[in-house]
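Written out below as structure tokens is the structure these notes cover.
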2 protein chains.
Amino acid sequence: MKKALYKQIEEKIEERILANEYGSRNRLPSEYELAEEFAVSRLTIRKALQQLIDKKMLYRRENAGLYVMSKPKIVSGKGGLHSFSEVAKKQGKSVHTRVLDFQEIPYQQEIWEELEAAEEEKILHITRIRSLENEPMTIEELWIRRKYLPEKLSTTLFTQSIFQLIEQKIKLAYSHQEIEGRVANKKEADLLKIKENSAILHVHSITYGVTGVPILVDSSFYRADKYKFQTTYIRNGEEK
Amino acid sequence: MKKALYKQIEEKIEERILANEYGSRNRLPSEYELAEEFAVSRLTIRKALQQLIDKKMLYRRENAGLYVMSKPKIVSGKGGLHSFSEVAKKQGKSVHTRVLDFQEIPYQQEIWEELEAAEEEKILHITRIRSLENEPMTIEELWIRRKYLPEKLSTTLFTQSIFQLIEQKIKLAYSHQEIEGRVANKKEADLLKIKENSAILHVHSITYGVTGVPILVDSSFYRADKYKFQTTYIRNGEEK
DNA sequence: AAGTGGTCTAGACCACTGA
DNA sequence: CAGTGGTCTAGACCACTTA
């Protein structure tokens, strides 16, 4: 498929911004001028510009022009939903996964409710230890609705990225996470090879597919001395 | 100003979804049909629909129709940038703030760099203890570029929401945060009225204005037994 | 093959901003 | 006041999904 016009224009304007052709914190040409320059309709220009605004490359002043953000690109790429292995890969670090256990489990109200599953639905419980550069980082406990996993399961399957496993069946859309602090008990400390009473981070999350159905629950313990979480919060312009 | 057409249509369709008129996980009428029904152009309908998709009320299947999310509204409202006092207010809890100290401080490379400030720029350093329902929750340390604050400063000023103070001068846009786990030392434990070596959460953030300039740095310690952080991560459809 | 969304055009009017 | 963005119309063509 040929690339959409607005996408091409978006990229060209992005290049110009990065090459500092418009300067920092300066005005861009008006939408009318840009439309003429690229010989497209204004709507197409607007769509390209909107993408760049979403990326925080540009900002608008109401009825008064478009400006270049003073630190273009600072946000890009952050804040997205990525799995442990995807983050590691991006940083060029090696991941090792040890599967402690996986099995279908009997009905448990709390989990089934979080996953909006009927009582008779099958849910798989998985426990894994995940290491970065051969250092244990996190104890993961996952509950996944059986129907979103392949027919055939094996231990090797779960040494990989669960996200990518699931996305063969259904695309993931978003995840609600809660981060808490705790100190490690004896068992957790042993598994993570840290001292008892060291700080750990407890992350509880529910991940949803594009249709809005819950797919999996994750309850993980990260060692706090080696791991931190990054987020970007966006201030909502208009609150209702 | 009269409300935009697409906004009105967005609200009407939202009402219908919530009233379950289209059912859950069912198809909506096509964009053409909706355009005819509301007697507007298709573009206007598309804009209304796009808003609802961003809100996770609807989802699209490529070239194959619009569907209602199985749990419409689940995400709405979460994930935005809010200050401690704004969150408390939303939950209907009382906030108390004790200002330990505020003053202009001499040049420190790390802070000045984070704020992209020139060496001669004035930066204000503030230390506060913030309580919810009379329980101390967090020790806040803030560094704010002097020029984004009112001319006249007083201790009372800083017992309020700093965000709202700053937004009288410049609108805030987004914030990068890092969350780490630690155990409390003697001093922190005393201030938070918890035991030494209890778990605390250390949050370091930089907040930016709409133009992309850094405005303030916040380094806060939250008691982990009473406070947790919530985020929503969105999976990016198309990675580059 | 029909229906649908994805993209695009060439106009238009209005409200607001800044000189 | 002129210029700008914000919104809107009434068409159009194509690629894809679904049946």
Side-chain angles (χ1 to χ4, degrees), chain A residues 1-13 17 22-23 25-69 169-171 173 210-211 236-238, chain B residues 1-13 17 22-23 25-69 169-171 173 210-211 236-238:
Chain A
M1 189 180 77
K2 198 165 173 297
K3 208 175 280 184
L5 246 182
Y6 74 84
K7 206 77 189 154
Q8 295 174 39
I9 292 170
E10 179 192 335
E11 284 165 15
K12 277 184 197 161
I13 296 179
I17 294 169
Y22 296 125
R25 310 201 52 187
N26 271 327
R27 270 196 90 194
L28 261 67
S30 80
E31 296 180 350
Y32 294 94
E33 288 173 72
L34 287 171
E36 200 174 340
E37 190 199 326
F38 287 103
V40 295
S41 79
R42 208 179 125 216
L43 188 78
T44 308
I45 287 291
R46 275 180 73 78
K47 186 136 189 196
L49 294 174
Q50 192 56 53
Q51 307 278 326
L52 292 170
I53 290 167
D54 291 344
K55 278 206 234 170
K56 302 277 176 208
M57 304 275 303
L58 299 174
Y59 67 96
R60 281 189 189 287
R61 290 178 52 186
E62 307 227 334
N63 297 303
L66 265 161
Y67 295 78
V68 178
M69 274 268 188
K169 285 230 170 178
I170 181 173
K171 273 214 304 197
V210 277
T211 65
N236 299 5
E238 355 142 14
Chain B
M1 190 180 76
K2 198 165 174 294
K3 209 176 280 183
L5 248 182
Y6 74 86
K7 205 76 187 156
Q8 295 175 38
I9 292 170
E10 178 192 336
E11 283 164 17
K12 278 186 197 161
I13 297 179
I17 293 169
Y22 296 125
R25 310 200 53 186
N26 272 326
R27 269 196 89 188
L28 260 67
S30 79
E31 297 179 349
Y32 295 94
E33 288 172 73
L34 288 170
E36 200 173 341
E37 190 198 326
F38 288 102
V40 296
S41 79
R42 208 179 126 218
L43 188 78
T44 308
I45 288 291
R46 275 180 72 78
K47 186 135 188 196
L49 294 173
Q50 191 55 54
Q51 307 278 326
L52 292 169
I53 290 168
D54 291 344
K55 278 205 234 169
K56 302 279 175 208
M57 304 275 305
L58 298 174
Y59 67 96
R60 281 188 190 288
R61 290 178 51 188
E62 306 226 335
N63 297 302
L66 264 161
Y67 295 78
V68 178
M69 273 270 187
K169 286 230 171 179
I170 182 172
K171 274 213 305 198
V210 277
T211 64
N236 300 7
E238 356 142 13

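As a basis for the values below, the full set of heavy atoms in this structure was taken, side chains included, without hydrogen atoms, waters or symmetry mates.
Computed from coordinates, the B/Tyr67 OH to D/dT17 P distance equals 13 Å when rounded to whole Å. As a whole-Å value, the separation of A/Ile45 CD1 from D/dG5 P is 11 Å. Distance, B/Glu33 CD to C/dG3 C1': 10 Å, rounded to whole Å. A/Leu66 has its CG atom 14 Å from the C1' atom of C/dT17, to the nearest Å. One interatomic measurement links the two molecules: OH of B/Tyr59 to C1' of C/dG5, which rounds to 15 Å at whole-angstrom precision. Following rounding to the nearest Å, B/Arg61 (CZ) and C/dG5 (C1') show an atom-to-atom distance of 13 Å. In this entry the distance linking OH of B/Tyr32 with P of D/dA12 reads 11 Å, nearest Å. Remark: P of C/dC16 and CZ of A/Arg60 are 17 Å apart, rounded to the nearest angstrom.
Atoms CD1 and CZ, from A/Ile9 and A/Arg46 in turn, are 14.0 Å apart once rounded to the nearest 0.5 Å.
With the nearest nucleotide of DNA chain C identified for both A/Ala64 and B/Gly65, B/Gly65 has the one nearer the 5' end. When each of A/Glu62 and B/Glu62 is assigned the nucleotide of DNA chain C bearing its nearest heavy atom, the one mapping closer to the 5' terminus is B/Glu62.
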Is there any protein nitrogen or oxygen under 3.5 Å from a nitrogen or oxygen in nucleotides 7-10 of chain C, and what are the pairs?
from	atom 1	to	atom 2	distance (Å)
C/dT7	OP1	A/Tyr6	OH	3.2
C/dT7	OP2	A/Lys47	NZ	3.2
C/dT7	O4	B/Arg42	NH1	3.4
C/dC8	OP1	A/Leu5	N	2.2
C/dC8	OP2	A/Tyr6	N	3.3
C/dT9	OP2	A/Ser41	N	2.7
C/dT9	OP2	A/Ser41	OG	2.9
C/dT9	OP2	A/Thr44	OG1	2.6

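Counting non-hydrogen atoms of other residues, nucleotides and ligands closer than 6.0 Å to NZ of A/Lys12 gives a total of 12 or fewer. Environment of CD in B/Glu36: sparse, with no more than 12 heavy atoms of neighbouring residues, nucleotides or ligands closer than 6.0 Å.
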*Could you go through the side chain to side chain contact (heavy atoms under 4.5 Å, CB included) check for B/Tyr67 and A/Thr211 one step at a time?*
CA-CA 8 Å; B/Tyr67 295 78; A/Thr211 65; over 6 Å; no

_Working note: B/Gln51 + B/Asp54, criterion side chain to side chain contact (heavy atoms under 4.5 Å, CB included); need CA distance, chi angles, decisive distance, verdict._
CA-CA 5 Å; B/Gln51 307 278 326; B/Asp54 291 344; 5.5 Å; no

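Cation-pi contact between B/Arg42 and B/Tyr32: present, with separation from the ring centre below 6.0 Å and deviation from the ring axis of at most 45°.
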